[in-house]
Number of protein chains: 2
Amino acid sequence: MTENTDSYEQNRTKFIQNALIDGKKQNIYIDESGIIRSVGTDIGKEFRSEAECIIDASGMVAIPGLVNTHTHAAMSLLRGYADDMHLQEWLSEKIWPLEAHLTGEDVYWGTKLASLEMIRSGTTSFNDMYFFMKDAARAVDESGIRATFCHGFIDFDSPEKRENEIAATKDLVSHIKSLQNPRLKAAVGPHAPYTVSREGLEWCAEFSETEDIMLHIHLSETEGEVEGCIEKHGMRPAAFLDSCGCLSEHTLAAHCCWLDDDECRLLGSRNVSVSHNPSSNMKLAVKRALPYQALKDAGVNITLGTDGCSSNNNLDMFEEMKFAALLQKFFWNSDTLLPADEAFSMATSNGAKALGVSTGTIQEGLPADIVLIDTATPSMVPMHNCVSNIVYSCSGGAVDTVICDGRILMSDKTIPGEAEILGKAQEIASQLVERANNPQ
Amino acid sequence: MTENTDSYEQNRTKFIQNALIDGKKQNIYIDESGIIRSVGTDIGKEFRSEAECIIDASGMVAIPGLVNTHTHAAMSLLRGYADDMHLQEWLSEKIWPLEAHLTGEDVYWGTKLASLEMIRSGTTSFNDMYFFMKDAARAVDESGIRATFCHGFIDFDSPEKRENEIAATKDLVSHIKSLQNPRLKAAVGPHAPYTVSREGLEWCAEFSETEDIMLHIHLSETEGEVEGCIEKHGMRPAAFLDSCGCLSEHTLAAHCCWLDDDECRLLGSRNVSVSHNPSSNMKLAVKRALPYQALKDAGVNITLGTDGCSSNNNLDMFEEMKFAALLQKFFWNSDTLLPADEAFSMATSNGAKALGVSTGTIQEGLPADIVLIDTATPSMVPMHNCVSNIVYSCSGGAVDTVICDGRILMSDKTIPGEAEILGKAQEIASQLVERANNPQ
């Protein structure tokens with residue numbers, strides 16, 4: 001419950017009182033720059049009287065905003081458009097033909113919809129790869145959350161395509177940097193080792209280094225990719241990427257289902273971060289789960305992502321934590337693998353580290369990306385173990401309040417302007433299908 | 001939105017207007033006995049004017065109440081009490097010691113909590129196996145939903161234990177039948193082939209037949225059970241159950257992960273129903289998924305259940321549909337296996353058939369077990385395919401209104417008395433742990 005009618009406004013100091021953090025009732029003071037000035041059981045009156053907005057978090061758990069490290073946000077427009085099909089038919093008969101008709105306006109509204117869904121389910125940062133990314137950035141800026149954007153770079157060994165992709169990447173990165181918005185970051189996005197040439201990958205690696213930005217790539221999602229890479233390049237995908245300079249502390253590799261032990265060690269030695277995408281991997285039947293223990297042993301930073309809505313079909317990171325913890329146990333035949341606290345770290349501090357954002361924990365001096373979870377809901381009762389309830393029992397629906405960069409984006413489960421965005425996204429999605437079915 | 005302050009009262013005629021059913025706006029008229037008198041696009045004025053309560057379902061999808069065919073409801077009190085442990089330690093050091101301190105009062109409040117959670121996530125019928133089941137029945141009666149109750153019958157080859165279990169089973173069945181409440185049914189519950197003697201199983205089979213009630217049993221959850229059965233009885237578990245008379249149209253077998261093809265055919269030929277419990281199977285790392293295609297080919301009625309909260313850890317059947325559809329695809333390496341519409345049937349009509357309740361579809365002449373899902377939420381937008389959104393995207397949190405047997409149990413996401421039940425359940429769970437840790 002928030003006492004203040006204009007609490008959604010930015011630049012107002014906030015006092016969150018009585019939130020459960022690590023099992024104790026604590027207060028949080030957020031200053032006018034959106035930074036957590038103080039957090040603890042003892043901070044009180046002086047900050048409370050100073051604050052322009054009081055948020056009563058009694059009966060709520062405060063957690064850091066969740067971090068989704070691999071998605072294609074605008075694909076929310078394709079949610080439920082095609083499921084339960086063979087992968088190749090699904091892509092060539094349904095997804096690609098629809099994507100061929102996508103416009104910047106579509107991506108804008110798809111990203112507006114995705115941002116809404118992420119706010120509603122407690123995600124405050126995400127890592128996006130798609131097309132028309134300036135439009136995506138505009139949507140995220142308006143939504144109030146954080147994102148890292150890359151243009152999906154695909155050249156299929158064509159020098160001409162490569163030049164176009166290089167131009168598009170440079171244009172996007174320079175645009176995002178020019179916005180000077182601390183919530184919006186740019187990345188370079190070579191799609192995958194099987195869709196980008198050696199030359200393209202080498203350019204991406206160098207550009208990532210020069211610009212000091214993330215390199216976001218798909219890696220070894222399917223067995224076929226690994227076989228294809230060995231056939232074409234004489235080495236497994238991680239070794240091939242390494243030979244192109246693509247493995248560094250800037251790299252975020254998604255999926256990583258088919259890495260072998262040597263590749264896990266290679267990723268660890270290069271300080272690469274990986275994104276586990278369990279729902280997508282299960283839905284698309286990739287046959288193997290990310291080798292969590294081997295990656296952990298190699299010291300790799302393991303994070304979590306939902307992938308796009310056409311292969312999940314939602315962006316709920318609470319659900320994704322559960323899928324991760326359960327898939328790891330099931331596939332690797334270990335009832336103790338990936339316990340709840342590690343799944344929670346993947347979705348918070350590990351994700352923040354991978355994206356290079358200084359959130360992911362609730363701590364003095366850090367930006368206030370804070371989510372309040374209502375405990376007055378059956379799936380959070382009893383509270384024997386709060387993190388277990390968060391990972392294994394509750395879903396995004398338990399989120400009550402979302403604060404990003406000190407600004408309230410959702411309060412009492414209400415997001416201003418939500419109905420208009422939902423209506424417009426539905427309209428845009430219907431028109432897109434209409435255009436694909438009746439090309440001019 | 002429900003126009004009527006006393007809409008939670010029973011025995012009032014109801015008119016649901018503008019609900020989306022099969023993609024069309026339809027109206028539903030429910031008579032004073034809780035029966036769907038009429039449903040369709042054309043029914044209108046005459047019923048609307050007659051109805052004592054108008055439910056405006058504009059922007060909502062109406063589906064049948066979901067059916068959870070395998071759970072241990074009162075284990076909601078153990079939610080999050082112990083996770084991420086080796087199965088044997090988990091049972092012997094945590095679960096069993098706690099259960100040893102359970103009282104009828106605990107089971108009553110645990111079942112109250114579970115019923116709340118089920119209502120909130122759109123489940124109107126469940127199949128329960130536990131202890132102190134008269135108390136469970138009292139809780140369910142008050143909650144307004146449907147359930148089938150059995151006493152978990154375990155004799156470990158002891159004639160003395162067997163006599164006690166027979167007495168407890170007879171007592172429960174006669175008690176439930178004496179209530180003459182159409183929402184409450186009795187069953188016989190031999191726990192599993194490895195915990196009940198041949199004599200015990202034979203008695204259960206005969207009692208199920210004589211009393212015309214369901215026989216609810218765990219079957220082949222783990223590989224170890226299968227090996228143990230072959231060693232002890234010289235045959236696989238399904239064949240052993242068949243030799244005891246336990247496979248019939250009365251039988252509901254839970255888990256069924258390790259059935260071979262012959263066993264699937266045997267279950268089909270005996271008209272057995274099975275309950276798939278994917279979340280539990282993944283969390284407990286049972287290594288194999290229920291053989292969906294083989295069971296389907298054998299004509300077995302395949303249903304869905306959450307199992308208890310200590311191995312899931314929630315009772316959300318929306319989430320369970322997604323886990324089922326994704327686990328089947330992943331484990332059996334088929335991106336087309338268990339499509340959304342089949343997952344939906346498992347959770348509705350197939351479940352109702354297994355429990356012998358005449359719900360599971362929205363149809364004239366049947367009891368009104370109806371759930372309204374709010375489509376004004378990001379995970380339901382766009383609506384390319386409603387069933388896909390229900391199975392793959394939304395969670396129980398999207399449920400707005402729940403009607404069981406014609407009575408409104410939740411309206412506008414509000415369940416009368418919820419806060420009191422949550423508070424009491426938390427208190428009861430804490431006291432239970434306290435007693436277990438400090439035995440007198």
Side-chain angles (χ1 to χ4, degrees), chain A residues 76-81 83-87 90 113-114 116-117 120 279 281-287 309 312-314 316 319 322-323 325-327 329-330 333-336 339-340 376-379 381-386 388-389 392-398 419 422 425-426 429-430 433, chain B residues 76-81 83-87 90 113-114 116-117 120 279 281-287 309 312-314 316 319 322-323 325-327 329-330 333-336 339-340 376-379 381-385 388-389 392-398 418-419 422 425-426 429-430 433:
Chain A
S76 62
L77 293 181
L78 280 65
R79 190 198 314 277
Y81 176 64
D83 306 288
D84 306 316
M85 295 176 70
H86 289 302
L87 183 65
W90 177 71
L113 173 63
L116 258 190
E117 188 184 353
R120 197 157 268 297
S279 299
N281 298 155
M282 289 177 69
K283 185 155 184 260
L284 300 181
V286 303
K287 285 204 294 182
C309 274
N312 182 316
N313 299 355
N314 68 35
D316 185 338
E319 191 182 280
K322 181 169 182 175
F323 267 100
L326 267 54
L327 176 60
K329 289 173 179 61
F330 181 77
N333 189 26
S334 162
D335 38 20
T336 59
T377 189
S379 57
V381 175
M383 187 80 82
H384 293 303
N385 179 331
C386 183
S388 166
N389 283 359
Y392 290 125
S393 179
C394 86
S395 77
L422 293 178
Q426 176 66 59
S430 301
V433 172
Chain B
S76 62
L77 293 181
L78 280 64
R79 188 197 317 276
Y81 175 66
D83 305 289
D84 306 316
M85 296 176 68
H86 289 303
L87 182 65
W90 177 71
L113 173 62
L116 257 190
E117 188 183 354
R120 197 157 267 297
S279 300
N281 298 156
M282 289 177 71
K283 185 156 185 259
L284 300 181
V286 304
K287 287 205 292 181
C309 273
N312 183 316
N313 301 351
N314 67 36
D316 185 337
E319 190 181 280
K322 182 169 183 175
F323 267 99
L326 267 55
L327 176 60
K329 289 173 179 59
F330 181 77
N333 187 27
S334 162
D335 38 20
T336 59
T377 189
S379 58
V381 175
M383 187 80 83
H384 294 303
N385 180 330
S388 166
N389 283 358
Y392 289 125
S393 180
C394 86
S395 76
E418 179 169 27
L422 293 178
Q426 177 65 60
S430 301
V433 172

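We name chains A, B, ... by the order of the sequence lines, and we start the count at 1 in each one.
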Best-contacting candidate, A:Val286, A:Asp316, A:Leu327, against chain B by heavy atom pairs under 4.5 angstrom: A:Leu327
All side chain to side chain contact (heavy atoms under 4.5 Å, CB included) counterparts of A:Ala429, not counting sequence neighbours: A:Leu77, B:Pro382, B:His384
pair A:Lys322-B:Asn313: side-chain heavy atoms closer than 4.5 Å: no
Largest heavy-atom contact set with chain A, pairs under 4.5 Å, which of B:Ser279, B:Ala285, B:Gly397: B:Ala285
Residue pair A:Lys329 / B:Met282: nearest heavy atoms and the distance that separates them: CB-O, 3.6 Å
Which of B:Lys287, B:Glu418, B:Arg120, B:Glu319 touches chain A most, by non-hydrogen pairs under 4.5 Å: B:Lys287
Beyond-backbone contact of A:Ser430 with B:Met383, side-chain heavy atoms, under 4.5 angstrom: no
Heavy-atom pairs under 4.5 Å with chain B, option from A:Trp90, A:Phe330, A:Tyr81 with the top count: A:Phe330
Best-contacting candidate, A:Asn385, A:Leu87, A:Thr336, against chain B by heavy atom pairs under 4.5 angstrom: A:Thr336
Which atoms of B:Asn333 approach chain A - backbone, side chain, both or neither, heavy atom under 4.5 Å: both
Toward chain B, the part of A:Ser76 with a non-hydrogen atom under 4.5 Å: backbone
Largest heavy-atom contact set with chain B, pairs under 4.5 Å, which of A:Leu422, A:Asn389, A:Leu284: A:Leu422
Partner residues of A:Glu117 under the side-chain hydrogen bond (donor to acceptor under 3.5 Å, both in side chains) criterion, sequence neighbours left out: A:Arg79
Spacing of A:Thr377 atom OG1 and B:Leu116 atom CG [to the nearest 0.5 Å]: 9.0 Å
A:Ser395 versus chain B, the contacting section by heavy-atom distance below 4.5 Å: side chain
Spacing of B:Asn312 atom CG and A:Leu326 atom CG [to the nearest 0.5 Å]: 8.0 Å
Pairs of heavy atoms under 4.5 Å with chain A: top-ranked of B:Ala398, B:Ala419, B:Pro378: B:Pro378
